[in-house]
A.B. asks: 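I am attaching a structure below and will ask some questions about it afterwards.
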Amino acid sequence: MGVDPSKWQAHPNFSMKPLDENYIREAVKECWFPVHAMGYNWLKSNRLSGIAIAKRICSLIENYRKQGFECEKVILVTHSMGGLVARAAIHSGIGKISDKVLGIVHGVMPAVGAGAAYKRMRCGVEASWYSLPANIGAGVLGNNGEDVTAVLAGAPGALELLPSRFYGMHWLELRKGENIVNSWPEKCPYEEIYKVTGKWYGLFKEE
């Protein structure tokens with residue numbers, strides 16, 4: 001609130017004024033905003049999850065209308081991979097519900113990938129059942145790279161979290177002390193890291 005929209009650089013000449021608390025309170029007066037949590041299978045591709053979520057949103061809107069409520073659009077609030085699912089849901093060639101979404105609030109969305117996804121494949125979750133809350137992730141995915149690879153190697157959704165070309169180059173570093181001995185990728189993470197075999201830094205240990 002109170003921030004000029006032009007600061008976010010979405011549009012150089014954005015005409016809307018900053019929103020203040022009084023304006024927001026007036027806008028939502030006598031309105032009811034129910035909150036629904038919608039899970040999805042994160043092992044599946046974000047495309048399929050987006051289609052599934054889109055169908056559930058359409059069904060939700062229809063149910064509210066049948067009960068006599070005025071319900072035209074929803075606001076999506078996402079976290080991490082959920083942001084990719086939401087984008088798939090509103091995409092004109094995937095979920096096709098952009099006309100039913102008023103806006104999306106993203107939290108830590110890996111829009112161009114996440115280096116942590118590569119690290120998990122190589123090292124595991126690196127937590128024990130005795131350390132909360134990381135123990136849940138370790139229990140599901142695995143404490144080491146071998147266990148995590150067994151789960152994620154066939155999971156499109158998880159693989160879609162790997163850093164893309166847009167993530168930038170040279171994010172994987174080999175260091176000796178404070179000195180960088182080598183770094184990857186030079187041009188393409190898929191060709192230079194993910195699909196590489198016989199190298200210690202390749203994504204999959206085939207054995």
Side-chain angles (χ1 to χ4, degrees), residues 1-42 45-120 125 127 132-134 136-137 157-158 160-171 189:
M1 292 189 292
V3 178
D4 191 326
S6 63
K7 179 180 179 181
W8 310 117
Q9 302 176 0
H11 193 283
N13 300 310
F14 203 67
S15 59
M16 291 182 68
K17 296 179 180 179
L19 300 176
D20 58 31
E21 185 174 344
N22 290 334
Y23 179 88
I24 293 175
R25 285 184 179 277
E26 187 63 30
V28 300
K29 186 184 296 183
E30 298 181 2
C31 290
W32 179 48
F33 293 98
V35 177
H36 296 263
M38 293 191 175
Y40 54 91
N41 185 345
W42 55 271
S45 74
N46 290 297
R47 167 182 285 271
L48 293 178
S49 294
I51 292 172
I53 290 293
K55 290 179 179 178
R56 288 164 67 184
I57 288 172
C58 290
S59 176
L60 183 74
I61 291 174
E62 184 60 28
N63 284 338
Y64 274 118
R65 287 177 175 171
K66 287 180 179 178
Q67 295 177 58
F69 293 104
E70 181 181 343
C71 183
E72 297 178 4
K73 298 187 178 187
V74 299
I75 297 172
L76 305 180
V77 181
T78 75
H79 175 262
S80 194
M81 183 191 281
L84 304 179
V85 174
R87 285 189 172 189
I90 66 169
H91 192 282
S92 60
I94 305 176
K96 306 174 184 177
I97 61 164
S98 61
D99 60 323
K100 294 179 175 62
V101 176
L102 182 63
I104 303 179
V105 180
H106 289 304
V108 295
M109 179 179 63
V112 293
Y118 168 84
K119 183 180 179 183
R120 295 288 177 261
V125 177
L132 290 170
I136 297 174
E160 288 167 7
L161 293 178
L162 291 167
S164 69
R165 290 183 179 89
F166 299 105
Y167 189 81
M169 300 297 115
H170 303 284
W171 51 265

A.B. asks: Side-chain contact test, heavy atoms from C-beta onward, threshold under 4.5 Å: evaluate it for Val112 versus Ser164 and give yes or no.
C.D. replies: yes

A.B. asks: Do you know the tightest heavy-atom contact between Ser98 and Ile90?
C.D. replies: CB-O, 3.6 Å

A.B. asks: Apply the side-chain contact (heavy atoms from CB on, under 4.5 Å) test between Met1 and each candidate in Asn22, Ile24, Asp20; give the one that qualifies.
C.D. replies: Ile24

A.B. asks: Side chains of Asn46 and Ile94: does their closest heavy-atom pair fall under 4.5 Å?
C.D. replies: no

A.B. asks: Can you tell me how far the NZ atom of Lys17 sits from the OG atom of Ser15, to the nearest 0.5 Å?
C.D. replies: 10.5 Å

A.B. asks: Could you grab the distance from atom CD1 of Ile51 to atom NE2 of His91, nearest 0.5 Å is fine?
C.D. replies: 11.0 Å

A.B. asks: Would you find a donor on one side and an acceptor on the other, under 3.5 Å apart, between the side chain of Arg87 and the backbone of Gly50?
C.D. replies: no

A.B. asks: Hey, are the side chains of Thr78 and Val85 touching, using non-hydrogen atoms and a 4.5 Å cut-off?
C.D. replies: no

A.B. asks: Checking Tyr40 side chain against Leu48 main chain: does a donor-acceptor pair fall under 3.5 Å?
C.D. replies: no

A.B. asks: If you take all heavy atoms of Gly39 and Arg56, which pair is closest and at what distance?
C.D. replies: O-NH1, 2.6 Å

A.B. asks: Any side-chain heavy atom of Ile57 sitting closer than 4.5 Å to one from Met38?
C.D. replies: yes

A.B. asks: Using 0.5 Å steps for rounding, measure from the CD atom of Glu62 to the CG atom of Leu60.
C.D. replies: 10.5 Å

A.B. asks: Counting only heavy atoms not in Glu72, do more than 12 sit closer than 6.0 Å to its CD atom?
C.D. replies: no

A.B. asks: Can you name the nearest heavy-atom pair linking Pro163 to Ala114, along with the distance?
C.D. replies: CD-O, 3.3 Å

A.B. asks: Look at atom CZ of Arg47 and say whether more than 12 heavy atoms of other residues, nucleotides or ligands are closer to it than 6.0 Å.
C.D. replies: no

A.B. asks: To check you understand the geometry: which heavy-atom pair defines the closest contact between Pro189 and Met169, and what is its length?
C.D. replies: CD-CE, 4.5 Å

A.B. asks: Parallel, tilted or perpendicular: which one describes the rings of His36 and Tyr64, with boundaries at 30° and 60°?
C.D. replies: perpendicular

A.B. asks: Which heavy atom of Asp4 sits nearest a heavy atom of Pro18, and at what distance?
C.D. replies: CA-CG, 3.7 Å

A.B. asks: First locate atom NZ of Lys66, then atom OG of Ser59, and finally report the distance between them rounded to the nearest 0.5 Å.
C.D. replies: 7.5 Å

A.B. asks: Restricting to non-hydrogen atoms, name the atom on Ser49 and the atom on Asn41 that form the minimum distance, rounded to 0.1 Å.
C.D. replies: OG-O, 3.5 Å

A.B. asks: At what distance, to the nearest 0.5 angstrom, does CZ of Phe69 lie from CH2 of Trp32?
C.D. replies: 4.5 Å

A.B. asks: Can you confirm whether more than 12 heavy atoms, excluding those of Phe166, are under 6.0 Å from its CZ atom?
C.D. replies: no

A.B. asks: Say you draw a straight line from NZ of Lys100 to SG of Cys58; how long is it, rounded to the nearest 0.5 Å?
C.D. replies: 4.5 Å

